[in-house]
Number of protein chains: 2
Amino acid sequence: MLPFPIELTAGAPIYEQIVEAVRRAVASGRLKEGDRFPSVRAISAELRVNPNTVQKAVTELTSLGLLEVHPGQGCYIATRSVSTVRQQREALAPLLERLVIEAAHQAVDEATLLELLRAKCRELKINLDSNS
Amino acid sequence: MLPFPIELTAGAPIYEQIVEAVRRAVASGRLKEGDRFPSVRAISAELRVNPNTVQKAVTELTSLGLLEVHPGQGCYIATRSVSTVRQQREALAPLLERLVIEAAHQAVDEATLLELLRAKCRELKINLDSNS
DNA sequence: TACGTGTATTATGTTAACTAATACACTCAG
DNA sequence: CTGAGTGTATTAGTTAACATAATACACGTA
C-alpha cells in the first residue's frame, strides 16, 4: 500500500495526478520530512502504470523540491525550502484569481467564500503556525 | 479591439485562454449581460488565430452558460444562471483545495491567506452583494 | 439579393502523454 | 564479490488533443 492516498481518474495526466497526490499528502502532514518514498517500480506496480510515467512524476517532485534522491538507495521527503514573500505571492496569485472568478460566477459572496476557505484549511489539518 | 483583455501565452491551449479571459471579464464586470460578443471571425482576426479555435471557445462558453447565441445574428453575454448551494460547493472545492495546499507549501499562514483572498476580491472589483 | 452571423466537415501537421522494452550506474545486504 | 533493488536514460510506437487550412451551409438582416 502506498503511503499517500491516490485514485487515478481520467481527464488529467497520470504523472500530474501523482505529483498532486504527493503534494496533498505533504501539505496535510500525511508525509513528513525524511519519510521513505516508495520506489518507482513499487508505485508503478501499485497503480498499474508504466514505470516511465512514475519516473516523470518523481523528476517533477524532485525539481519542485519535495523529494530528495539518495543515489542507489531511494527517495525521501525533502526538508521544506524557504521562499521569499514575492515567490509566495507569485505562486498564490493565479490560484486566488481562479478561485475568486469562480466564486463570482457561482454568486458566492465574499464572507461565505472566506468561511469556505477557513473550513478547507481545517479540513486539510494544516499546521500553519509551526512554520515561519 | 476586443471588449475583453487577453494576451495569448504558451503553455495552455488557445481556446482555453479565450474562455478564461471571458470568464474573467464577466466576473469583473468588464462584460455585462446583454453585451454584444465579438464574432468568431473578428476574434480570429484580432488574435491571429484559426476561426475553428475561436469557435471551440465559443462552444464551451455557450455550454458554460456565459454566452447566448442568436442564430444568424451573433452572440451576447447571457444572464446568470442560478445554481444550488451544492453546485457552488462542488465548483469551489477543488480550487480551494489547490489554494490551501499551495499555501501550506509556501508556508503562508491562514490569516495571511485570508487577507490575500480579500485583496484579490477587491482587485477584481467583484460586486458580490448584488447577487443572492 | 448580398453580407455577416454561428456551425459543420474533412484533411493535415504538431505535440504531449503513455506504454514497452532495455540498459546502465549506484548502494547495500548476503 | 555477487546480486538485488535503487534512480535514470534511451529508443520506439501508439493514441489523443490541439491548431491550422479550406470549404460549405442555414440563418437573420439591411
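Model, not experiment: these values are computed from the prediction. To find a chain, count down the sequence lines: A is the first, B the second, and so on, and within it residues start at 1.
- The CD atom of B/Glu16 sits 14 Å away from the C1' atom of D/dA19 (whole-angstrom rounding).
- Within the 4.5 Å cutoff, the side chain of B/Val49 has heavy atoms near those of the B/Leu8 side chain.
- Counted by atom type alone, B/Gln88 and B/Thr84 present zero donor-acceptor pairs between their side chains at under 3.5 Å.
- Atom pair A/Leu61:CG and D/dT8:C1' shows a separation of 15 Å (rounding to whole Å applied).
- Aromatic ring orientation, A/Phe37 versus A/Phe4: parallel (interplanar angle below 30°, classes split at 30° and 60°).
- For A/Arg86 and A/Glu90, the salt-bridge test passes: some basic side-chain N is under 4.0 Å from an acidic carboxylate O.
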Base contacts versus sugar-phosphate-only contacts with protein, heavy atoms under 4.0 Å: please encode nucleotides 23-30 of chain D as B, S and - from 5' to 3'. -B--BS--
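- Distance from the side chain of B/Val40 is smallest to C/dG6 among C/dG6, D/dT20, D/dG7.
- Of all nucleotides listed (D/dG7, C/dA17, C/dT19), C/dT19 comes nearest to the side chain of A/Asn50.
- Atom CD in A/Gln17 sits roughly 12 Å away from atom C1' in C/dA17 (whole-Å rounding).
- For C/dA17, the OP1/OP2 oxygens have no side-chain nitrogen or oxygen of A/Thr53 closer than 4.0 Å.
- Straight-line distance from the CD1 atom of A/Ile14 to the P atom of D/dT15: 16 Å, rounded to whole Å.
- When distances run from any side-chain atom of B/Pro13 to the nucleotides D/dC18, D/dT6, C/dC18, the shortest one goes to D/dC18.
- D/dT8 atom C1' lies 18 Å from atom CD of A/Glu68, rounded to whole Å.
- Using a 4.5 Å heavy-atom cutoff, the side chains of B/Pro5 and B/Arg30 are in contact.
- Cluster membership check: B/Leu124 does not share its hydrophobic cluster with B/Val19, using side-chain heavy-atom separations under 4.5 Å among Ile, Leu, Val, Met, Phe, Trp and Tyr.
- At whole-Å resolution of the value, CD in B/Gln55 and P in D/dT20 are 14 Å apart.
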